[in-house]
Amino acid sequence: MQSLKIKVLLVVVAFILFMLLTMAMYWWNIVAFRERLTIMDEFHDVVSDILETRRYEKNFMFYPAEPGSLGEALVYLDRAEHTVALLRPQIVEILGRGTYDGVLDDITVYRRLLHSLANGDKTVADSTRQHGTRLVEAAQALLKKKRQTIHDALDRILFMPLAASSLILILITAVYIWQARKMLGRLNYVQRAADGVAKGDYEAIQHLTSEDPISVMMRSAFQSMAAQLDERQEQLIEARKLVSIGTLTSGIAHELNNPLNNVSLTADTLLEELDDLPEEEVRELLGDIINETGRASEVVRNLLDFSREEERPLARLSMANVVRQTLKLVGNQLSLNGIKVDTDLPDNLPDIHGDMHYLQQVFINLFLNADQAMEKGGTLSVAARSDGESLCVEVGDTGCGMDKDTLSRIFDPFFTTKPVGKGTGLGLSIIYGILKKHGGSIDVHSEEGEGTTFTVCLPVLAEEEAA
Ligand code: ADP
């Protein structure tokens, strides 16, 4: 969080510095431009002084009787020479040292010619005129060049804000696109991680590998959420187990009651008729009592196995055994509700790696759901098959089935269509979690009014692991 704040601060400071620099450069350009304009006036002065010189020179040519004109011409020429000398750095900068010296030489020669004219030498009239014209052309060329440099400076001044704002725009767009991409990546991650977590698959959380502060924060938030959910899931499994035990109680009571009644009846008969009965029949009745007691203790053993608390390491298991054991737990309840059980559990199924207790819970929940879906009786079919890589058990019923809406939500925790007391909405989400832990999966197919089939798949134990 701290480094994120520092980064934001650095970006803001860099932006402010860039803006200040741009403004300073702009200001400097404007000041320089103003100076150039002032100098431009002086270039104008040179041109107009030389033009004035030429005007007086022409005057003298037309009216030689007025020698005062030449005096005026010389005054203007001196002024022009003085200004040219003042403008020396600018002229040298724009046109070079040679041009500057050339203009000064021209002025000197022109002055000498004007002096000769003043002294009455008519022979220099032509060359004076030619020199005068050359001087005017040179001064105008200077002015033109200066004007050009002013235009260039003006272009620069106009271009600068445009260039600076384009640069800022490009920078902001680039940063925006870069950040938007990052943000989209993160949102994608949040969606994937949230989807994964909703289904009990926490692997997606690990996929965010970037180390920038936001990603690190998000990852640690998701990881702590996953840890809490895991803990909650364990609690839910236990809670659901209690509910299942409650649901099972009636069936189990009946299952225990039957052998106990038989034992009691047989023992009564024995007590009353012990003396009259032949020894063979007495033995048979005692055998019955032993059998019935065995049945009762098997029921109790199954129940104990199911409700055992401790977490056992995953072990090699026969899926057919898991299913059979579980059917024994609920078999009586199913037959009481008029449900026929069809099993297809081939002998040659490969073993799987799992926790008997948890897998029993998976099938208990599936069988009890099927039982509740077939209120008027029906058939529960349990079939297992394997393609060598995974082993799948199909649990099908001929019950009420589900509509599309229900079907899309059945794995959500606490989603139930059953009345309070009958359903908690936890069974399937717990099954999902247990199967994920086993590296397996669950699939469902349902037709409203026709029935439902759940397919539970688990990876088969590899040969070397099995050995
Ligand atoms: P619960 O059984 O406590 O409601 P579950 O998570 O086991 O919770 O089941 C959620 C919902 O899925 C049930 O309320 C029911 O609507 C639907 N469902 C589950 N199994 C079946 C089934 N075999 N036939 C029809 N609906 C089923």
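Predicted model, so just to flag it, every value in this text is computed and none were measured. All ligand and atom numbering here is 1-based and tracks the order in the structure. Hydrogens, waters and symmetry mates play no part in the numbers below; they use all other heavy atoms, side chains included.
A salt bridge is defined here as a Lys NZ or Arg NE, NH1 or NH2 lying under 4.0 Å from an Asp or Glu carboxylate O, and Asp101 with Arg97 meets this definition.
By the 6.0 Å contact criterion, CD on Glu42 is enclosed, its count of non-hydrogen atoms from other residues, nucleotides or ligands being greater than 12. Heavy-atom neighbours of Lys144 NZ from other residues, nucleotides or ligands within 6.0 Å: at or below the threshold of 12. More than 12 heavy-atom neighbours from other residues, nucleotides or ligands sit within 6.0 angstrom of CD on Gln179.
Shown in contact with Gly427 at under 4.0 Å from a heavy atom are these atoms of ligand 1, numbered in order with element: 5 (P), 6 (O), 7 (O), 8 (O). Listed by atom number, the atoms of ligand 1 under 4.0 Å from Ala373 heavy atoms are 22 (C), 24 (N), 25 (C).
Residue contacts with ligand 1 for Ile431 are absent, since no atom lies close enough (heavy atoms, distance under 4.0 Å). Using a 4.0 Å cut-off between heavy atoms, Phe454 contacts ligand 1 through its side chain alone, with no backbone atom that close.
Of the N or O atoms in Asp397, one or more lie within a sub-3.5 Å distance of an N or O in ligand 1. For ligand 1, the polar-atom distance check finds no N/O of Ser429 at less than 3.5 Å from any of the ligand's N/O atoms. Annotation: Leu428 places an N or O atom under 3.5 Å from an N or O atom of ligand 1; distance criterion only. Between Gln372 and ligand 1, no pair of N/O atoms sits closer than 3.5 Å.
Put simply, the side chain of Gln361 does not reach to within 4.5 Å of the side chain of Leu366, judged on heavy atoms. Counting heavy atoms from C-beta outward, Leu428 and Asn369 have side chains that approach closer than 4.5 Å.
In this structure, Val393 and Met319 approach most closely via the heavy-atom pair CG2-CG, 3.7 Å.
By heavy-atom distance, the residue among Asn369, Thr416, Thr398 lying nearest atom 19 (C) of ligand 1 is Asn369.
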